Each structure stands twice: as structure tokens, then as C-alpha cells.
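Quantities reported herein were computed from a predicted structural model and do not represent experimental measurements.
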Amino acid sequence: MEYNFKDIEKKWQQRWAKEKTFATKNDSTKPKYYVLDMFPYPSGAGLHVGHPLGYIASDIIARYKRHKGFNVLHPMGYDSFGLPAEQYAIQTGQHPKITTEQNIARYREQFDKIGFSFDWDREIRTSDPEYYKWTQWIFIQIFNSWYNRKTDKAEKIETLIAEFEKSGNSPVNAVCEETKTFSAADWKAFSEKEKSDLLMNYRIAYLGEAYVNWCPAMGTVLANDEVKDGVSERGGYPVERKLMKQWSMRITAYAQRLLDGLDKIDWTDSLKDSQRYWIGRSEGTSVRFSLIPNPSPKEKGAKQHWQTADPKFYEELKRFVRENKQPQTEAEDKLWQLVRNNQLGVKFRRQHPIGTYIADFICLEKNLIIEVDGEIHNRTNEYDENRTAVLNKYGFKVIRFTNKQITNNIEEVVTTIKTECAASPSPKERGLGGEAKHTIEVFTTRPDTIFGVSFVTLAPEHELVDKITKPEFKAKVDAYVVASKSRSERERQADVKKVSGEFTGAYVIHPFSGKQIPIYVGDYVLAGYGTGAVMAVPGHDERDHRFAKHFGLPILQVVEGKDVQEESYDAKEGKMMNSDFLNGLEVKAAIKKTIEEIEKKNLGKGKINFRLRDAVFGRQRYWGEPIPIYYKDGIPHAMPENELPLVLPEVDKYLPTEDGEPPLARAKDWKYKDKYEYEQTTMPGWAGSSWYFLRYMDMHNNKVFADKKQIDYWQNIDLYLGGSEHATGHLLYVRFWTMFLKDMGYVNFDEPAKKLINQGMIQGVSEKIYLTKSKTNTAWVKQANGDLQRDSFTDDVATVFVSGSTGNLIQKLKNDNDLTEINVPIHIVKNNKLDIKSFLEYFPSYKDAAFVSEGGIFYKGEQIKNRFFENGDTTFYTKSEVEKMSKSKLNVITPDGYYDEKIKAFVPGIIDDFGADTLRLYEMFLGPLELSKPWNTNGITGVHGFLKKLWRLFSPSPAGEGRGEVAIVDAEPAKAELKTLHKTIKKITEDIERFSFNTSVSNFMICVNELTDLKCNKRAILEPLLVTLSPYAPHITEELWEKLGHKESIAFAPFPTFNEAYLVEDNFSYPISFNGKMRFNIELPLTLTVPEIENIVMKDVQTHKYLEGKTPKKVIIVPKKIVNIVV
RNA sequence: GCUUGGGUGGUGGAAUUGGUAGACACGCAGGACUUAAAAUCCUGUGACCUUAACAGUCGUACGGGUUCAAGUCCCGUCCCGAGUACCA
């Protein structure tokens, strides 16, 4: 009987599929275990040998837990949107020839061939309308929610509307800071559009303006985690920044919870760290700096100085004024007659818009507003306070009179106005131009260094840049702003260290020292973080230091430590100096003190900033879940839930329209109720994967996304396996959605996965040759004596390849910039030797190329320069390099073989040569799961040999024959055999529990080696061994299990129990060491006490030999461990 | 730069709480079986020195330290991989 892995594996794979052996039962009497792999995006190349690493590990765990009596959920699905070959469609607009079904079928075929125990009754595809119906449903829930800061959780939007109706908007409700304050009455008076716009500031899924990563080549926006090195992760196209109206997810509302939750879950530290960094919480304070020179409106050019209205609302306000001009109160008219036409020496305006308000009377010069409260306005006191606060923010002082005051005592009113006018010097009187007073708010984590501020820098996008820039600097600043906006992300990242900026000509006043401080624009300040402005402390911040050096600005030292003129001193320790009231304090104390002072002077307040940005959710792509929103009168509405799914419509082309609209704009007659436009962007790839783990629990439910009972039973994932590259993308989003669903009461846990393991990456080994760029007929060739010489071809050669082994030659050509790296398919390379014939079959366009190697020149299948080919050696060597496995690098190794159309040959994989069990064991044997390593097959024979050896235990025929039927005896096992077995059970259990799969494979080898030495063929030993091995090598163990007479699958056989009794030793071989150096062993009974051991050891002949007559200073005896004698 | 993981034979890697460094496997060398090959089995295999044998010295990137005892703990240095990048 031979170990025929091919037939065995096929037989069991078919039987498992037919009998649905691994379908999860809804058995809530058993303890549950949920083990999940991140599902793949089945792109064209199929699984490569790196993929199964994590799947095999999780399959081992799943199978192990089944043996342990758990009800195991172990499903698999596909991130199937945008398949197949999205890139192809983006470029051509055509649907690619390989279908999604074909792609997925190939994956499924490979999964089956490796013998995974997935429950295929629960296969998810994110692109299936039955699935994305629920993705859309969750989107609607998110859209209809807001984040309540008070209860610190998401709530239905209705509760916010109720709040608004009851008491208007107060900062308590604010999720984003720049929202309007308004009264309940205002709310009721708002139009539907206004209400909708306001609510958008609170919805967790919202439509808002934001700078996004725009990828022109793909015609879509990308999330931060979809951009790598300034180019798109999928496709590698350049990305630029663009201000766009976009659907976004308010993940920032969850920033603190996402951070705190990390402490509760068992994920790797590196992964938690990258999430912490990405969330980027930093504590600091805001500080407002007042601006000194406001350029006058005329200096600024475009605008009239009296135009103080918010431009967005200007038209509306104007109309309002026009409509309300007539019904003025008597009192207002009376007062107007006395202040108009510069009667008080200053110009007053009537019914003048400020921001979004309309002031009754206003004097722009004096920043003074006079409000008349009366019957017409009939406002509440509370509302007046709000209004005053807002107007104050615009820099105006507000004085109020009632109608009665004016009617009864107008003289007194006018006197008050005059006094107020005199008391508020106009900017001109203060020697300055301009109108409304501006402040620049900055965020800093080092308020202690405030006396070290020598300039303030604004981001180019900062709203004040335009307003404050002095005319003589305007041209340069404008040019700078435009230039930095048009720079691509890649360019921006490329010269991070390059300083650039412009002086605006304006200054602020230092709030403590009163010094004038210049304002600059610089793109090292990011618009999206903090306030988009920084107080620059070049002495103690590296970036500010660079900027100061470049522009020759003063560098002040305010923390003792080291000289700051040449290099900044960024450390957060030391004593303060040159800092007025902070002098002598330690940095920490100084920070505290400064915040106190800032808050006391009302210049700002302590604040926490997060680096995390809201997640852009809309994609201008075809493939993705349609966003279930339609627009009615410009107002977005969620579709009714019972009308879901909103199915992706047919389009003629998968490209944006000529006007740059997303592809969905091409869909004909695609309208809600035939009337209303649908949202045309689609959801990003991460939408479907943010909740899929819940759908697996209740795959086929068509009433809810998953039944509450099922969710309560399965809870969150016990073990989640996936790559660490998802740290700042998927793994953040899935936590966010889970927290949201918890807030809504759909699940009762915050975190999607209790434990998470990152499997390492298996890298590929690429084989490279080099293509010279120039199409000349010459090439550098190594001469027999080793020199390089330019050698002419006599033939007409279009392309010249250079071998990877010709190191000098390559260096020379590289220096000449005359070299392109070409990856060649690895299966046409053996031991770095390129098979040129196959290469030409693979790339027929190169059929006229010449191949220059150290040995000579190879051309048109013939060697043409024989003087270089010594000994007739025509080898053309490649250069190997370890790289990520990818289709484009032609270095993909698939676990199973495939037919290569180009060279018309079958390329075998590991499974074809050694079988799936060997593949599984070998991938585990390679090393620790988390480690990345290049794929090599060096050790595979060892693992395969182990399986053959195992097989032979069951058919103990004379060595060398390997034939005979299963021959197992029922005899009582010997002590040594039981010891081997139980030692193995113990080790394997420990190894699995700590995910140390490589060592368990070793332990199996040791076990089989020992049993072979013992010539053990006893059922009582071999049966339990099979069960412990079956998670790793399911096929061979099933087959042997069956041959032993079992009818049931081994998959559910109970895991053997470990019995300590078999391992109890009578003796222990003590290592005897002298001064820590091991010299010899003494076998001693374990029953001995420490003094008895010492007694025996000291009497030993060998001990005397090493003591050389000296008396030991000390004897250390650790029972069952070691004896150390100190001489 | 920052964060993080790591550095052990010719190779992949073991050594779980400080207690015999190099498990297990590959490779290599020698041998058995064979007409031969494959397969299988046996022996050896960190380096150095030495031998008939025993024994000895040095060894976990480098330099220090703690300890009876350090691959493991502490301090400093160097190198490699991964992530991230002007986050004030």
C-alpha cells in the first residue's frame, strides 16, 4: 500500500463537498467559536502561495476547535465588487472578457484543492444585491443618525430634530464646531432645504465639502488608506488634492472610542500602534492672535468695504431687507433721522447684513451696532444673547435700545451712541486701515513656548490668507497659493524637506509680549489639521526652524537644554527661559500655567485634536454599491428601506461621462419613482467588508441583516486573521461600523474581533533581466580578459537584453541611464538560467532581440559571437530579487498548477508534486506565522517525507518495499509509546493555543520518528495521533482513519486527552555546571531533596576532577533544572 | 525622522517564566541496499585547536552591566525588515 496523495486528496475533497461535512449547525447547546479570515479580492492571478498561509492557520484552528467540541463558524467569501479586472474597464470602458464568476470559480477551485473546511453554505459576495441590500440598509441607518456628545453614542436623527424643535441649537449638541446657533423658533421657520443642510452637519453619513484625494486617471476619489506614496494603491495612478462635495462618514466622532477600545482587544501591539498613530490624538490648546494691520477694503481690491455679509447668504439677506424695509417701527425711523448723513460725525448704515444677520443700524468705522428691540422683532432674550455673541465674534460691539427708550428719551439715546462712538476708536484713529477685526486661531501642543513665537504660518488654503495679505505682497502670495494647490500629492511628498512660503505683509500682536509678529503662508502647514495655522517656534520645532532659517527670521530660545541657532531643541523637558512669567518652570508645569493664562485672558482654551479625518465614502466608479439616496428639490432623501436593494443599473460604458460625471450618470431612465435623480457615486470597497462578519452568522435572512438571536449567540469574532496592511483601513472601518451598530442596539459588542493575528507576507523571488533603452546596434560586452568593451553588431538588432549576471556591465549601463528592468516569468527560469526559447514564446514581440551575457551574444536562437562563448556555454543568467508576489512582477507561485497559454505548457504547483497536506504542513513549517519570508521550496521534501513515514507506521513492511496493507494491532501500548504520544498531545495543544504552528510540525516529526524507532503499530497510540494531526493534514488522516475502520469523518472525533501520568519521570539527568559552564550530567531520582542531591553531586568523581582540589564557594541546586557549582 | 518587529550554524528556524544554545528540517559529507538510478535506511555535521581516544577554547550583531547562571533582563552602538511621514 503506497501513499498515493493524489487519489486520497481528491476522494476526500469530493466527499466533504458532497456530504457538506463542514456546514455549521445552529446548535446553541455547544460553546461557539468563530474564526474568520479576511476575505480576498479575487483578482485575476488566483491565489498565490502567500495567500493560504493565513487560511491554513485558521483552518487548523477551526478543525482543532471542532475536535475540542466547539460549534465552529468558519466561513469564506469574496470582496467581489469591481471584479473582474476593474483596471481594464477603467481604461477601456469595456467589460472585460474574464467574468467575476470565472475569477471566483478559480479561487474556489484552489480553496477546495487545499482542503479547507469552510462552510460554503455561507459564502458572501459583496456584489450580490441580496448582500448589498443590507449594506445599503446600514448606510441609511448611518445617514439617519447623529452623534450625541452628551451620551457619547450615535442616536437617531429624530432625537436631534426634536431637540432643535424644543430648544434650538446650542453648542452642547455640536458635533462639528462651525455650526450655527439658532432658536427653536428659527428652526421652525427654516425652509426644508435649510433644515436639511443644517442636519447634514450632524449626520454620521453626510454630504460635505472636503479636500479629497482625486485620482484623475481613474476619475474617482480615494480614501487616505487607498493612496500609497502619492499614487493610487490599485493601479498606481497619480493622485492630487481637490476640494469636492462628497459623501463622507463621520468616523471622527468615534475617534476617542476607537482609541480606547484598543485596550480591550487582543491584537498585536504593532497593529494597535498604527491605529493609535492614525487616530493621532494630541492634547494642546488653541490660541487666538489678533491681527494688527487689516488691509482696507480698497487695498484688498475686489470688494467694497461695507460688504460684510456672508456671501452665501447675501442674496437672501438682501431680499429679506427689501421686503422688510417698509414696516419699520416709528422709533427706528425716528432714530434713523438723527444718525443718518454723518450727523454724529461717522457714517451709519441701516438694515445692513453682517454674516447671516441683519443689523438695524451699523457704524462700520467704529465696529458698532445699534439694535432696536420692539414689536416687530419680538425676540426672546436668549436669542438676543446669541445674536450679540455672534456679532461680537465678527468684531462688533452691540448696544440695544427698546422702542420705548427711543420714543420716550431720544436725547439720552443719542448721547449714549455718541459716547460709545468716542470710546471705540476707529481703526483709522488707531493708525490702521480696514474694518472688521480678525484673529488668527492656532493650535499648539506646546503653549509653554509661546514666548518663542517669532512668526505665524497659515496654510495656503486658510480662509484669512486672502483677507489679510497686503497689496504689495498679493501677487506673490496668490501665485504661491495657486502653485501649492496644483501640486500633486506625490510632488508635495517628494520635497517635504524643501522650504517654501511667502510673507503676507501682515502682522499679529503677541498676546503676552505685545510684539509684532509677521504672518507667512507656507505649505508645511496643513489646512485639514487643527486650525490650519501655527504659531511658529523655531527654537523648539524642527519645521519652524527650517522655515525661519530659510527666511532669516529670528530664532528664540525659551527652553534650556542646548543652543537652538543651528538646530531646534524639540524635547519636552527643561526649564523655561526668556519667558516672562514662565521663567524657571519645568516644561510640563509651564504648559499647564500657560493654558491657565490663555483661558483667563479668553485667548483660547485647552483642546484635543485628532489626526483622523472623516472617511470619504463616495466613489466616482461604476463598481460599488449604489448609495440609496435620491434628490428631491436639491434635498437628499434616503430611499425607503423596503424598496432596497437599489440595484446597480446597466450602463453602456464604465467610464465617466464627457462632462466628468460618474459612470452611473450614463444609466438611462434611472430615476427614483421616474422623477428624482439618484446619487451617482457608489460606495467604496470598504463598505461591504465593514459588516460582513455579521452576515455570516445568518446568511440567508431576508428580513434583517442578521437575526438578533444569531448575533447574540455568535458574538464577535474569536479569531480574525488578516494582513497588517489593513491596519488603517478596513480594521478601523469595521470597528467604526460595529460601534455604530452597537449604539443602535443591533449588536451588543463594541469590537468586531476579540483576537487578531497578522500573518506575515510570503514574498516572491523575481527574476530580472535588463533591456537597454537605446536602439543602437551596439552593446557593452565583457571580453575574455574581463574588460568591458563596446561591441558592434553586424546584424540589424532592434532590442538588446543584458543578462542579470553581468554586474559590471549593468552598473555601467545604469550609469548611462540606459537600462530598463524586465521581470521574466519565473517558471521559465531554472537556477537563474533563462530559457530564451520560452522567453521568446512568452514575448513574441522581442523575437528579433539580442541577448548579451558574460558568455557572449545570443541572437535569433543562435549564438552569433562565439569568441565570447567559452566552452560553448550559452547560458543567459537572470538576477534574483526578493519582492512582493504580484501578477505584474511575473513572480507568482500558485499552490496548484495551471496551464500557461503563452508557452502552451502546464506549470505544476506544490499540490501537483506533493499534495495539499504537504503544502499545508510546509507552509506552517516555514517559520512563525507572523514572519515575512521569501518563498522557497528547499525544505519541502522533509515535510513530504514525514507524511510518507507516517503512512509507513500503518503499513509496517520491510524498509525498501513500502508495500502491504494496513496492519494495526490492538495490543496494549508500551510505556515508552504512551510517553511519546502524550508528550506530543501536550506539545501540540500548547502550540496550537499559542499559534506556534511551525513548532507543532516539528513535534509531529519527532513523534513519528520516535514511534518508527519503537516500531509502534498499536491502535491505542496511532489513533489519537491521527486526531491530533488531522487539523494540519486532513486528507491523509481521514484516509487512515477510514482504513482503521471508522465510518464517521475524523473531523469531529474528540481530541485526545492528555494524561500527565504517562510523562512522570523517575529520574532527571541533572546538568552539572561549574561557574555556569555545563560539564557533565548525573542521572538522579526526582524524589531526592536538595541536600541529598548536593551530597551525591559533591561525592561524584567527575565533580572532584573539575574542582581541582578547590572548595566550592556555593552550590546552587534548582530541582528538576540544574546544578551549578561556584568555585 | 518617528513608530514597530528583528539580528542565533552553510540555509529555514527551535530554545514558552533567566537554568544543558543550535530542537526539527533542508543542504552537505560518508556508508548500506541496487547492474544503475530513484526511493529508503544508517552515521557525521557551529567554529577553532587537538587526538588513538578523552578533553579543551570560543561562540546567539557589537561594547559594557546585573546575576551562581544571560540568546533571554538593563544601558549604549551598529545593521536589516515593516508601517508612517511636514499632524504644530
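Within the 4.0 angstrom heavy-atom criterion, no nucleotide atom of any strand lies near A:K1113. Within 4.0 Å (heavy atoms only), A:L926 reaches sugar-phosphate atoms of the nucleic acid but no base atom. Heavy atoms of A:V442 sit nowhere under 4.0 angstrom from any nucleic acid atom. Counting any heavy atom pair closer than 4.0 Å across all strands shown, A:E725 reaches no nucleic acid atom. Backbone-only engagement by A:V1126 is indicated by non-hydrogen atom pairs under 4.0 Å involving sugar-phosphate atoms exclusively. Using a 4.0 Å heavy-atom distance criterion, A:L931 is classed as a sugar-phosphate-only contact. A:R994 comes within 4.0 angstrom of a nucleotide base, judged by non-hydrogen atoms across all strands. Among the protein residues, A:F1004 comes within range of no part of the nucleic acid, since none of its heavy atoms lies under 4.0 Å from any strand.
Using the Watson-Crick or G-U wobble rule with both distances under 3.5 Å, B:rA88 pairs with nothing in any strand shown. Here B:rU72 sits opposite no nucleotide as a Watson-Crick or G-U wobble pair (both hydrogen-bonding atom distances under 3.5 Å). Pair assignment for B:rG5: B:rC80, on the basis of Watson-Crick or G-U wobble contacts that are both within less than 3.5 Å. Nucleotide B:rU57 is matched to B:rA47 when pairs are restricted to Watson-Crick or G-U wobble geometry with both distances under 3.5 angstrom. Under the Watson-Crick or G-U wobble criterion, with both distances below 3.5 Å, B:rA37 is left unpaired in every strand shown. For B:rG22, there is no paired nucleotide, since no Watson-Crick or G-U wobble pair has both relevant distances below 3.5 Å. B:rA14 is unpaired under the Watson-Crick or G-U wobble criterion, no partner having all donor-acceptor distances under 3.5 Å.
Comparing B:rC24, B:rU84, B:rA88 by their closest approach to the side chain of A:F443 singles out B:rA88. Minimum atom distance to the side chain of A:R546 is reached by B:rC86, of the listed B:rC86, B:rA14, B:rU20. In this structure, of B:rG83, B:rU40, B:rG13, it is B:rG13 that holds the atom nearest to the side chain of A:N998. You'll find that the side chain of A:Y1106 is closest to B:rA55, out of B:rA55, B:rA14, B:rA88. Set against B:rA88, B:rU4, B:rC24, the side chain of A:Y529 has B:rA88 as its closest nucleotide. With distances taken from any side-chain atom of A:I1006 to the nucleotides B:rC24, B:rG19, B:rA88, the minimum falls on B:rC24. Of all nucleotides listed (B:rG56, B:rC26, B:rG19), B:rC26 comes nearest to the side chain of A:N938. Comparing B:rA88, B:rU20, B:rG56 by their closest approach to the side chain of A:R1079 singles out B:rG56. Listed candidates were B:rC26, B:rC68, B:rU84. Nearest to the side chain of A:R611 is B:rU84. Side-chain proximity of A:K933 to B:rA88, B:rC41, B:rG13: nearest is B:rG13.
Side-chain contact between A:F914 and A:L947 is absent, with no heavy atoms from C-beta onward closer than 4.5 Å.
Comparing the C1' positions of B:rA55 and B:rA37 gives a spacing of 44 Å, expressed to the nearest Å. Rounded to whole Å, the separation between the P atoms of B:rA69 and B:rG83 comes to 42 Å. B:rG7 and B:rA88: their C1' atoms are spaced 36 Å apart (whole Å). Spacing of C1' atoms, B:rG71 relative to B:rC58, comes out at 16 Å, to the nearest Å. As rounded to the nearest Å, B:rU60 and B:rU20 have C1' atoms that lie 15 Å from one another. Only the P atoms considered, B:rU57 is 29 Å distant from B:rU43, to the nearest whole Å. Distance check on atom P: B:rU72 versus B:rG64 gives 15 Å, rounded to whole Å. Nucleotides B:rU67 and B:rG18 place their C1' atoms 9 Å apart, quoted to the nearest Å.
Ring geometry, A:F1080 versus A:F1074: the interplanar angle falls from 30° to 60°, so the pair is classed tilted.
Exactly one of A:F925, A:F5, A:Y922, A:W951 qualifies for a ring pair (Phe, Tyr, Trp, His ring centres under 6.0 Å) with A:H944. That residue is A:F5.
For the residue pair A:K983 / A:N1003, no side-chain donor-acceptor distance below 3.5 Å is found, with atom types taken as modelled.
Using a 4.0 Å cut-off, no side-chain N or O of A:Y1070 falls inside it from OP1 or OP2 of B:rU20. Using a 4.0 Å cut-off, some side-chain N or O of A:S282 falls inside it from OP1 or OP2 of B:rA88. Contact check, A:K272 against B:rG5: no side-chain N or O comes under 4.0 Å of OP1 or OP2.
With a 6.0 Å radius and a threshold of 12 heavy atoms from other residues, nucleotides or ligands, A:K987 has its NZ atom at or below the threshold.
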Task: Test ring-ring contact (aromatic ring centres under 6.0 Å, His included) applied to A:F1004 and A:Y1032, step by step - done: CA-CA 10 Å; A:F1004 281 124; A:Y1032 293 80; 5.3 Å; yes
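Geometrically, A:R611 engages A:Y277 in a cation-pi contact defined by less than 6.0 Å to the ring centre and at most 45° from the axis.
With respect to A:K549 and A:E566, a salt bridge is recorded, a charged nitrogen being found less than 4.0 Å from a carboxylate O.
In this model, a side-chain donor or acceptor of A:N1124 finds a partner on the base of B:rC68 within 3.5 Å.
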